[in-house]
Amino acid sequence: MKVLSVASEAYPFVKTGGLADVVGALPAALAPHGIETTTFLPGYPALAAAVRDAKTVHRWPDLLGVEARLLAARIGDHPLLVLDAPLLFAREGPIYTDPTGQDWADNWRRFAAFARAAADLASGAVPGHAFDLLHAHDWQAGLAPAYLRLFPGPGTPARSVMTVHNIAFQGAFDAALFPRLGLPPTAMDVEGIEYYGGVGYLKAGLWAADAISTVSPTYADEIRAPEFGMGLEGLIATRRDRIHGIVNGIDPAVWNPDTDPALAARYTADSVDRRMANKRAIEARFALDTEDGPLFTVVSRLTWQKGMDVLFWALDELVAAGGRLALLGSGDQGLEAAFRDAALRHPGRIGIRIGYDEALSHLLQGGADAILIPSRFEPCGLTQLYGLAYGCVPVVAHTGGLADTVIDANHAAIAAGVATGIVHHGVEHDAMVGAIRRTVALHADRDGWQRLQRNGMNTDNSWQTSGRLYARLYADLLEAR
Ligand code: ADP
């Protein structure tokens with residue numbers, strides 16, 4: 001089976017969040033099931049550099065008004081296609097925003113052109129590159145299933161899956177640009193790409209795809225309600241029989257404490273004591289006191305979604321309880337400034353790195369005792385999975401994928417030997433402080449804590465199960481064709 005995986009980011013080339021990790025890991029996760037996954041990405045500078053010697057396999061003289069060509073390469077064992085359209089993608093810096101932090105004004109064209117090219121590929125327009133199924137990820141690829149449905153090409157049309165990694169990002173644009181998308185006028189309809197009077201790219205994908213998936217069973221349920229569906233709950237509800245919740249796995253080639261080059265000391269579930277060297281390294285890098293008390297970490301976008309405002313207001317209590325915090329993140333400027341202030345107020349107890357640092361994120365998972373993830377919503381979440389794999393006990397809000405992957409250390413779960421973390425209900429001050437205090441108390445019992453760490457490290461968070469679920473979803477769609 002040949003699958004075209006369409007996304008705007010993929011580790012190790014371009015990454016702004018969990019989407020990239022998942023898209024980067026999917027080809028290897030699906031290969032054992034007889035699926036060849038070709039990843040299709042926009043030709044950002046990092047990609048253009050990575051495929052410098054690639055072959056041009058197709059040209060579009062006018063792809064929604066710009067010239068583009070298709071480059072074919074391989075990453076390891078897996079095929080890669082890149083849309084080389086310099087007018088759209090040859091821009092240094094963040095991929096979605098201009099140097100002032102505003103979304104690029106032509107994002108509508110960038111990701112419509114990308115999606116149109118993906119649909120052309122899936123409909124057999126490029127000789128030698130045929131696909132059974134198009135798998136679109138998030139709003140940037142959302143128009144691809146719609147173009148494919150409206151222009152299926154000759155022969156048996158490819159099937160399509162639309163995966164929602166975060167329904168908060170929807171690609172909603174003004175209706176005025178509709179005529180420039182090259183779609184038939186009838187497509188500007190509730191049964192089409194119209195979305196609250198404008199144009200919705202994610203909405204279009206949800207409308208057009210043969211199946212919808214999101215990245216955890218709990219989130220698949222949650223997005224039927226307005227609080228989580230964010231405007232799309234009506235459409236989600238009408239398509240509920242086609243929605244699948246499949247949790248993300250982690251890529252063992254990238255996230256394994258036994259082989260991780262970013263760690264000061266490598267270890268396994270049988271040698272968690274060795275994590276101490278990583279803790280010392282974190283203390284040194286974050287100018288924290290050297291001691292054995294509980295060290296919390298955060299590796300996150302600093303946003304409202306991630307509950308970072310609630311965490312900020314709990315910092316005095318965290319320090320008063322004997323905790324320390326090493327935080328790596330970037331995002332909301334107000335939150336960045338607030339955390340910087342907190343570090344000044346609590347020297348030796350709170351250390352902050354504003355920015356994005358892949359290697360440091362590994363060290364934090366490898367040396368901190370617990371990772372705080374108080375998300376208001378979390379489709380899947382990856383940092384709790386990395387925490388589990390690294391013995392960095394996740395302290396999470398009961399939502400989405402966090403609820404599906406972390407087992408709270410209550411008395412029953414501890415007695416049964418299955419607890420892997422600390423789960424709090426609600427993202428507000430008292431719940432947050434309660435979870436922090438409970439973590440500090442659990443950490444004081446060294447043997448009990450190590451059991452918690454080992455349970456997490458022995459949890460199967462590989463792609464094995466989820467790879468099988470995607471493979472079955474694809475196979476069912478092809479059978480129904
Ligand atoms: P989201 O995609 O919503 O941001 P996830 O938990 O699914 O959240 O994935 C976040 C990914 O980004 C993880 O791989 C995490 O380690 C990484 N990450 C987030 N912030 C940073 C940062 N400041 N530096 C390095 N890695 C980060």
Side-chain angles (χ1 to χ4, degrees), residues 1-10 13-14 23-44 46-64 66-90 110-137 140-141 143-162 182 208-210 470-471 474-475 477-479 481:
M1 189 191 307
K2 287 183 186 278
V3 171
L4 183 68
S5 173
V6 182
S8 71
E9 23 184 303
F13 305 110
V14 263
V23 174
L26 267 181
L30 295 169
H33 305 281
I35 296 168
E36 184 186 73
T37 306
T38 299
T39 308
F40 181 45
L41 295 166
Y44 309 115
L47 260 303
V51 299
R52 199 174 302 126
D53 303 323
K55 270 200 324 226
T56 299
V57 292
H58 189 68
R59 287 180 191 278
W60 286 268
D62 180 4
L63 184 65
L64 299 195
V66 300
E67 247 186 88
R69 57 188 186 130
L70 184 68
L71 303 175
R74 292 187 82 80
I75 356 165
D77 292 338
H78 308 292
L80 173 71
L81 290 171
V82 173
L83 184 66
D84 181 41
L87 274 176
L88 302 178
F89 300 117
R110 299 171 82 209
F111 296 107
F114 176 56
R116 178 72 226 227
D120 283 359
L121 272 162
S123 65
V126 180
H129 294 271
F131 298 95
D132 301 300
L133 189 137
L134 178 154
H135 188 163
H137 300 272
Q140 299 90 342
L143 283 185
Y147 281 121
L148 182 62
R149 180 159 163 179
L150 295 160
F151 306 103
T156 319
R159 306 293 275 174
S160 60
V161 175
M162 180 79 233
D210 296 305
Y470 276 118
Y474 296 165
L477 288 174
L478 293 191
E479 229 165 74
R481 176 155 75 167

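Positions are given from 1 along the sequence.
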Is the closest side-chain heavy-atom distance between [X] and [Y] below 4.5 Å?
X: Y470; Y: H33; result: no
X: L81; Y: H58; result: no
X: V161; Y: D210; result: no
X: L70; Y: W60; result: yes
X: L148; Y: P157; result: no
X: L88; Y: P42; result: no

Query - Residues R159, L478; criterion side-chain contact (heavy atoms from CB on, under 4.5 Å); working and verdict - result: CA-CA 7 Å; R159 306 293 275 174; L478 293 191; 3.5 Å; yes

Can you see which heavy atom on [X] is nearest to which on [Y], and at what distance?
X: A113; Y: L64; answer: N-CD1, 3.5 Å
X: F131; Y: L121; answer: CD1-O, 3.8 Å
X: E9; Y: V14; answer: CB-O, 3.2 Å
X: S160; Y: P145; answer: OG-CB, 4.0 Å
X: S5; Y: H137; answer: OG-NE2, 3.2 Å
X: V23; Y: A7; answer: CG2-CB, 3.6 Å

Query - Worked check of side chain to side chain donor-acceptor pair (under 3.5 Å) between H78 and T37 - result: CA-CA 7 Å; H78 308 292; T37 306; over 6 Å; no

Report task. Only one of L83, D84, L63, V57 passes side-chain contact (heavy atoms from CB on, under 4.5 Å) with R69; say which it is. Result ->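 Answer to the side-chain contact (heavy atoms from CB on, under 4.5 Å) test with R69 among L83, D84, L63, V57: D84.
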
Query - Set of side-chain contact (heavy atoms from CB on, under 4.5 Å) partners for A115, sequence neighbours left out - result: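 Expected list: L143, A144, Y147.
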
Report task. Report the residues that fulfil side-chain contact (heavy atoms from CB on, under 4.5 Å) with R74, sequence neighbours left out, ordered by chain and then residue number. Result -> P79

Query - Approximate separation, where rounding is to 0.5 Å, of T38 OG1 and H129 NE2 - result: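 Between T38 OG1 and H129 NE2, I get 8.0 Å after rounding to 0.5 Å.
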
Report task. Output the distance between atom CG (D132) and atom CD (E36), rounded to the nearest 0.5 Å. Result -> 10.5 Å

Requested in this report: Could you label the plane-to-plane angle of the F114 and F89 rings as parallel, tilted or perpendicular, counting under 30° as parallel and over 60° as perpendicular?
Outcome: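 F114 vs F89 ring planes: perpendicular.
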
Query - Residue pair L80, L47: steps toward the side-chain contact (heavy atoms from CB on, under 4.5 Å) verdict - result: CA-CA 10 Å; L80 173 71; L47 260 303; 4.2 Å; yes

Query - Verdict with supporting geometry, H135 and Y474, side chain to side chain donor-acceptor pair (under 3.5 Å) - result: CA-CA 9 Å; H135 188 163; Y474 296 165; 2.6 Å; yes

